[in-house]
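One structure is given here, and the rest of the page talks about it.
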Amino acid sequence: MSDSGMFPINDLYVFPFFQTRDDYFKATGEEAPEWDPNRPVKSWFDPTARNTNKRTFLYDVVLMYDKNGMVLPDEKGVPQVEQLALLREEAGRVNMLPREKLVDYGPGSKVAPIPVPMRPLKATEELVFTFGGVVAVRIKDAYKSTVNAFTVNDRQLLEKIAQKLGVV
């Protein structure tokens with residue numbers, strides 16, 4: 001966690017998230033299944049789904065995305081979460097884009113990815129949007145004690161910068 005009381009959303013993920021097919025191979029020792037262009041991108045898998053007769057898996061907390069893959073805010077501007085239900089076959093495998101640099105990966109690459117299940121937030125945590133619309137987790141009490149004003153040193157530094165730029 002940083003001094004601001006924030007940490008990345010992936011610290012909440014209950015399953016590993018793989019950025020690339022190579023990351024998947026390094027972590028699992030197996031090649032990722034072939035890309036299926038008719039299914040959305042999915043860069044995680046639930047290992048329990050591979051060894052069970054259970055047909056459907058329900059995940060209580062995932063980020064809610066719009067059709068373009070942007071996390072949806074609620075009426076207060078807070079990132080929304082929802083439940084996710086997946087069939088065993090979907091839950092137990094990834095659907096990662098190929099390594100090749102193709103122009104068009106098919107319809108599955110043009111919709112929101114299947115979100116990664118997360119652990120529930122603690123009472124002291126909240127989801128927030130940071131710079132660029134990135135979702136992070138903020139510790140409520142740490143944020144409240146964060147100084148949100150310019151100090152005397154900040155003002156002196158800004159004045160020196162302004163003088164150097166000739167805008168004073």
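Taking a cutoff of 4.0 Å between a charged side-chain nitrogen and a carboxylate oxygen, E89 and R39 do not qualify as a salt bridge. Note on E126 versus K140: no salt bridge recorded, every NZ/NE/NH1/NH2 to OD/OE distance being 4.0 Å or above.
Taking the ring axis of F57 as reference, the NZ or CZ atom of K54 stays within 45° of it and closer than 6.0 Å to the ring centre.
Judged purely by atom type and a 3.5 angstrom limit, R88 uses its side chain to pair as donor or acceptor with the backbone of N53. No donor-acceptor pair closer than 3.5 Å links the side chain of E90 to the backbone N or O of L87. The closest donor-acceptor contact from the side chain of K42 to the backbone of A91 lies under 3.5 Å. No side-chain donor-acceptor contact under 3.5 Å links W44 to the backbone of P117.
Annotation: side chain to side chain donor-acceptor pair (under 3.5 Å) contacts of Y24 (sequence neighbours excluded): E30, R50.
The side-chain heavy atoms of F17 and N10, taken from C-beta on, include no pair separated by under 4.5 Å. Using a 4.5 Å heavy-atom threshold, the side chains of V116 and V62 count as separate.
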Next item on the list: Evaluate the criterion side-chain contact (heavy atoms from CB on, under 4.5 Å) for residue pair F18 and M96; output intermediate values, then yes/no.
Entry: CA-CA 9 Å; F18 306 102; M96 302 178 75; 3.7 Å; yes
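A perpendicular orientation is assigned to the rings of Y59 and F15, their planes being inclined by more than 60° (bins at 30° and 60°).
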Would you give me the side-chain donor-acceptor pairs under 3.5 Å for residues 76-86, sequence neighbours excluded?
from : atom 1 : to  : atom 2 : distance (Å)
Q80  : NE2    : P73 : O      : 2.9
Q83  : NE2    : D60 : OD1    : 3.1

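Considering V134, D66, V135 as possible partners of V71, the one that fulfils the side chain to side chain contact (heavy atoms under 4.5 Å, CB included) test is V135.
The shortest heavy-atom contact between I9 and M118 is CD1-SD, 3.6 Å.
For the residue pair T48/D46, the side-chain donor-acceptor check at 3.5 Å is satisfied.
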